[in-house]
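Within every chain, numbering begins at 1; the chains are lettered A, B, ... in the order of the sequence lines, protein sequences first and strands thereafter.
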2 protein chains.
Amino acid sequence: MPNRPASMRDVARRAGVSLSTVSRVLRGAAGVTPEVRDKVRAAAEELSYAVSRNASGLVTGRTCRVAVVVPSLRPWYFASVVSGLGHALHEAGLDMLVHQVGHLEDWIHTLPLRHNSDALVAVALELTEEQCAHAADMAGPVVLVGERLPGRASVHIDDHAGTAGATRHLLNLGHARIAYIGSRTDGGMSLSSTARLNGYHEAMTEAGLEPWTVTKSPGPGCGELAVGELLSHQSPPTAVLAESDNVALGAHRALRRSGVPVPGAISLMGFDDHDVSSALDLTTVDQAPQTLGRVTGHLVADLVQGRRPSDTCVELPVQIVPRQSTAAPRKRRTSP
Amino acid sequence: MPNRPASMRDVARRAGVSLSTVSRVLRGAAGVTPEVRDKVRAAAEELSYAVSRNASGLVTGRTCRVAVVVPSLRPWYFASVVSGLGHALHEAGLDMLVHQVGHLEDWIHTLPLRHNSDALVAVALELTEEQCAHAADMAGPVVLVGERLPGRASVHIDDHAGTAGATRHLLNLGHARIAYIGSRTDGGMSLSSTARLNGYHEAMTEAGLEPWTVTKSPGPGCGELAVGELLSHQSPPTAVLAESDNVALGAHRALRRSGVPVPGAISLMGFDDHDVSSALDLTTVDQAPQTLGRVTGHLVADLVQGRRPSDTCVELPVQIVPRQSTAAPRKRRTSP
DNA sequence: AGGCTGTGTGAGAACGATGTCACCACAGAT
DNA sequence: ATCTGTGGTGACATCGTTCTCACACAGCCT
């Protein structure tokens, strides 16, 4: 009962021209009389006809589709990246296929994408070169977002500069005992985690101060546990920089419950500019994930459409967002 | 240089059988000797071959692809719905094309989807019957999520029961002066907004109490403005129910800034179970958007794959999530 | 044996577009 | 008048699948 949709042949018949001519018009190819073109356009409009990317892709070899692989769409960060990506791809006339793969093992299983997309964007996946090569073999250009791999196209932020800047922000406020809360899985640290940690280290040693790092396994309890450890110290830090807003969130909760005023006794900084940060008035580092996605989209479009992009490895700047959770340290009573 | 990927013909040659046989094997069709089947599978594996949905869709008329149209992927709610949807579709062997359309006018422009997807899921879009019909004409079955339209398949939560339950929760705590903050655009109220308002009304009148409603135009300032209005009243409410967590968030901020303790002086409830709610310990109504998406995915899969779903119009229950922002009202000092 | 049935396989026509090539008319040059 | 482009158009092969049909061959019953 869903009577077959109109085909190009139907449009051709209606316009009284040949199939080829309709194709030319709809593709915007040159060599058609304006008069004929309008006639064809009108016919297509009346039949509310749209070309089948399926069929055209079959002969051109291009699907006008980009596959995006992401651990999950739900977390704020991924949603933002994919959102920006979607907009940019849409502008370039590309459709976006979204695949969520929880574990990297599933990833390889999801891969039979060949012929089904023109490129692949992997968001926040730590791929090995081997996996990348396999993916490229299956689906054309591969672009990494939020991670990097030598020799592969990637778009990511300058994590190092972000934490370095954040640390300097705290130093400039007058803090000296600045602790850093990081996350670390059994498998080690991701490249961006490492870069963030290094940024902190650099800024601290640059200032002649001893870095003070606490790492916990990632998850909801990360920030809380770390704060517990920090507060039990003989002289606790006056400022805490968290690897991410999620960690900062847990830290914030722990501080609140411990009755430690923020920023009165301890200044707290996050990293991400998560929605929650503005709700909690948390000073943080904006990594503009939507921009990340958008830039990636342009890059992918360039690659797919055969333009040579200026640079296949883009590093985006970050920006400090000052809010209420950081302030100059309280004067120490012990000083004369 | 990206040497053309293997085609079915290549697999056939390698396995020493005909094209048809390969097709049969890879489709899982019956009537193939186990021995031949294994041979074909092996050949396909070696060539790391995957069927082109493009080509197979061309002849079957099915694309194994579902188009999802959503205002934006960024907000928590949409991301959750689409995430659930994606998982369910993936289980059903369907790929998900995501389109973000900010305005409904763009929507119609995005529509040339015919032949490019088997079904269309519209998330939180208030479509007219005409637009639905047009969409159905272009892309097969249409399923609405979070909104409803008589005669169209839809999946949504029981907004009415949600606010009614929330109101009763506050009533049970002993509140009587319960205000409701709603949002309303110039164009009127969406169906779900209306249902939420009605739920509140019903519970209040049921309890013999006078409803007290404040509506502001939606946006970040909605909750704040409303709280301003409520606090300026001669005897302010002891409890406030917000149409959504976003509104509640603004209300929470305004109360905090006004020095009104929550829940000490005023109990506050939201609706959605947004991430921020747990961060703020906000009592709210969980509408499980990911489940919403998941259920929609199953429904769409049924429709696409020709199974007759048990019901094309699903209403999901909601659940109160009690947290720290609601408590019994303070005893009134004026009572003897 | 002869005729059925059934089962595994292959040949070839779709599907709906694109791209190549041939054709036709008509312009201007010879 | 004939030749030669040239610009608009149509015929047809092609892309990689699925699907329909025909065929070969085995087994079983009369």
Less than 3.5 Å apart, which donor and acceptor atoms pair up between the side chains of residues 17-28 of chain A and the rest of the protein, not counting sequence neighbours?
unit_1	atom_1	unit_2	atom_2	d
A/S18	OG	A/S20	N	3.3
A/S18	OG	A/T21	N	3.3
A/S18	OG	A/T21	OG1	3.3
A/S23	OG	A/R27	NE	3.3
A/S23	OG	A/R27	NH2	3.2
A/R27	NE	A/S23	O	3.4

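Listed pair B/T21 / C/dG8 fails the phosphate criterion, with no side-chain N or O lying under 4.0 Å from OP1 or OP2.
By the 4.0 Å N-to-carboxylate-O rule, A/R148 lies close enough to A/D159 to be salt-bridged with it.
Here C/dT9 presents its P atom at 11 Å from CZ of B/R37, a figure rounded to the nearest Å. Taking atom CZ of residue A/R53 and atom P of nucleotide C/dT18, one finds them 11 Å apart after rounding to whole Å.
Side-chain contact between B/L144 and B/C132 is present, with heavy atoms from C-beta onward closer than 4.5 Å.
Once rounded to the nearest 0.5 Å, the distance linking OG of B/S83 with CD of A/Q100 reads 3.5 Å.
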Can you check nucleotides 16-20 of chain D for protein contacts, nitrogen or oxygen pairs under 3.5 Å, and list what you find?
unit_1	atom_1	unit_2	atom_2	d
D/dG16	N2	B/A55	O	3.4
D/dT17	OP1	B/Y49	OH	2.5
D/dT17	OP2	B/M8	N	2.8
D/dT17	OP2	B/Y49	OH	3.3
D/dT17	O5'	B/Y49	OH	3.2
D/dT18	OP2	B/S23	OG	2.4
D/dC19	OP2	B/R27	NH1	2.7

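In this structure, the side-chain hydrogen bond (donor to acceptor under 3.5 Å, both in side chains) partners of A/R152, at least two apart in sequence or on a different chain, are A/E129.
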